[in-house]
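In what follows, a structure is listed as structure tokens, so that the remarks can point back to it.
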Amino acid sequence: ERHNLGLIVFDQDQIALDDPLWKKATWQKLLIGESIRKAGLHVENVCYADSDILVNHHAPNICELRAPGKIALVSVRKNLPYDLHLVLRRLYGHHNLPVQQDEACMGLFVFNVLEHADLMRGWFNKYDRNVQSVTGGGDQTHVNYEMQKWGSLTWLEYRFQAMWAYEMAWKYPFLYDRHGENQELVRECIEAALYANYFLHFAGSWHESEMWKKALTFSGESDAVLGKYQAYLDTPVTGQAKGQIKPGVLEPPV
């Protein structure tokens with residue numbers, strides 16, 4: 001409502017199940033532009049987002065950040081607000097698994113229907129239903145490859161697809177213990193993560209990726225505080241420094 005955006009939810013396959021090109025449903029993100037065009041909808045830019053992403057509705061309009069002609073992605077490998085190697089050590093170490101190389105997550109991207117619908121359909125057609133991938137036939141690695149090989153990309157900042165697995169490993173590692181059973185504590189940590197980010201993605205198949213179901217909505221009080229906090233962050237700094245002001249001191253030192 002703030003940004004005059006529409007919402008489209010696909011609840012059926014966009015291609016017949018017996019079609020030789022049918023693949024795991026996640027591939028059908030590449031057919032969104034074509035489907036919108038066939039439906040005759042007047043849509044210019046689309047932000048595809050996995051359904052396990054919570055959105056801070058005080059966030060800026062992500063569609064306005066895509067450069068003309070380009071597809072917008074969020075890297076979860078570069079420009080992180082913390083050390084990737086250390087967060088992966090914490091993340092994988094808890095599960096007794098070796099650290100893996102990370103890659104851009106295809107759970108969110110922004111594209112233009114006119115410019116990219118046919119391009120994405122071409123990528124979809126390139127692979128048949130027998131495609132093999134590390135995600136059990138999913139699109140993650142292949143679409144990453146096709147988009148980055150194509151190369152006309154806008155890389156958005158991490159806050160537009162903050163990964164809950166990273167946030168939890170770095171900021172809230174105590175939730176790995178039995179504290180994860182405390183739903184109120186989990187909800188407060190998720191809200192705190194949204195204070196610093198715009199989109200929070202609960203990607204993955206480990207138990208922490210299901211935690212978003214414990215925090216589907218904010219309380220009215222929490223949302224009001226979040227709104228005021230975002231307004232505070234957006235306020236330009238003015239005035240002159242007054243020196244250190246300590247608690248209980250009404251006037252700053254001269």
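For the single chain, residues carry numbers from 1 onward in sequence order.
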### Query
What closest approach, in Å, do Thr154 and Ala67 show between heavy atoms, and which atom pair accounts for it?
OG1-N, 3.1 Å
### Task
Give the ring-plane orientation class for Tyr176 versus His207, where under 30° counts as parallel, over 60° as perpendicular and anything between as tilted.
perpendicular
### Query
Parallel, tilted or perpendicular: which fits the ring planes of Phe111 and Phe109, with parallel below 30° and perpendicular above 60°?
tilted
### Message
For a 4.5 angstrom cut-off between non-hydrogen side-chain atoms, does Phe199 reach Leu108?
### Response
yes
### Message
Could you tell me if the side chain of Leu175 sits less than 4.5 Å from the side chain of Cys189, heavy atoms only?
### Response
yes
### Task
Can you measure from CG (Leu31) to CZ (Arg121) and round to the nearest 0.5 angstrom?
5.0 Å
### Query
For the residue pair Val43 and Val46, what are the closest heavy atoms and their distance?
CG1-CG2, 3.8 Å
### Message
Distance alone, cut at 3.5 Å: any donor-acceptor contact between the side chains of Glu146 and Tyr127?
### Response
yes
### Query
Looking only at side chains, do Asp50 and Tyr48 share a donor and an acceptor under 3.5 Å apart?
yes
### Message
For the CD1 atom of Ile190 and the CD atom of Glu188, what is their distance to the nearest 0.5 Å?
### Response
11.0 Å
### Summary
Scanning both residues in full, the closest heavy-atom pair of Gly33 with Ala117 reads C-CB, 3.7 Å
### Query
Taking atom CG of Leu73 and atom CE of Met106, what is their separation to the nearest 0.5 Å?
5.5 Å
### Query
Within a strict 4.5 Å, meaning less than it, do heavy atoms of the Glu44 and Val113 side chains meet?
no
### Summary
Between Met163 and Ala203, the two heavy atoms sitting closest are CE-CB, 3.6 Å
### Task
State whether Glu34 and Arg37 are salt-bridged, where the test is any N-O pair (Lys NZ or Arg NE/NH1/NH2 against Asp/Glu carboxylate O) under 4.0 Å.
no
### Task
Kindly say whether the aromatic ring centers of His116 and Trp123 come within a distance under 6.0 Å.
no
### Message
Just so I know, are the side chains of Val143 and Leu30 near enough to count as touching, which here means a heavy-atom distance under 4.5 Å?
### Response
yes
### Query
Atom CD of Gln14 and atom CD1 of Ile36: how far apart are they, to the nearest 0.5 Å?
8.5 Å
#### Entry: Sequence neighbours excluded - salt bridge (Lys or Arg N to Asp or Glu O under 4.0 Å) pairs with any residue from residues 53-74
Arg66-Glu115
### Query
Going by heavy atoms in the side chains, are Leu156 and Gln161 under 4.5 Å from each other?
no
### Query
Arg129 and Leu17: which non-hydrogen atoms are nearest, and at how many Å?
NH1-O, 3.0 Å
### Message
Restricting to non-hydrogen atoms, name the atom on Trp164 and the atom on Ala193 that form the minimum distance, rounded to 0.1 Å.
### Response
CZ3-CB, 4.0 Å
### Task
Look up atom CG in Asp128 and atom CG in Asn130, then write down how far apart they are to the nearest 0.5 Å.
4.5 Å
### Task
Kindly write out the residues that satisfy side-chain contact (heavy atoms from CB on, under 4.5 Å) with Pro81, not counting sequence neighbours, or none if the list is empty.
Tyr158
### Query
Roughly how far, to the nearest 0.5 Å, is the NZ atom of Lys29 from the CH2 atom of Trp27?
9.5 Å
### Message
Is the terminal nitrogen or CZ of Lys171 (NZ for Lys, CZ for Arg) located under 6.0 angstrom from the six-membered ring centre of Tyr166 and within 45° of that ring's axis?
### Response
no
### Query
Heavy-atom distance under 4.5 Å between the side chains of Glu157 and Leu65, does that happen here?
no
### Message
For Phe160 and Tyr198, take the angle between the two ring planes, folded into 0 to 90°, and tell me which bin it lands in: parallel under 30, tilted 30 to 60, perpendicular over 60.
### Response
tilted
### Message
Salt bridge check, Asp139 against Lys24: does any charged N sit closer than 4.0 Å to a carboxylate O?
### Response
no
### Task
Flag yes if more than 12 heavy atoms outside Phe10 fall under 6.0 Å of its CZ atom; otherwise flag no.
yes
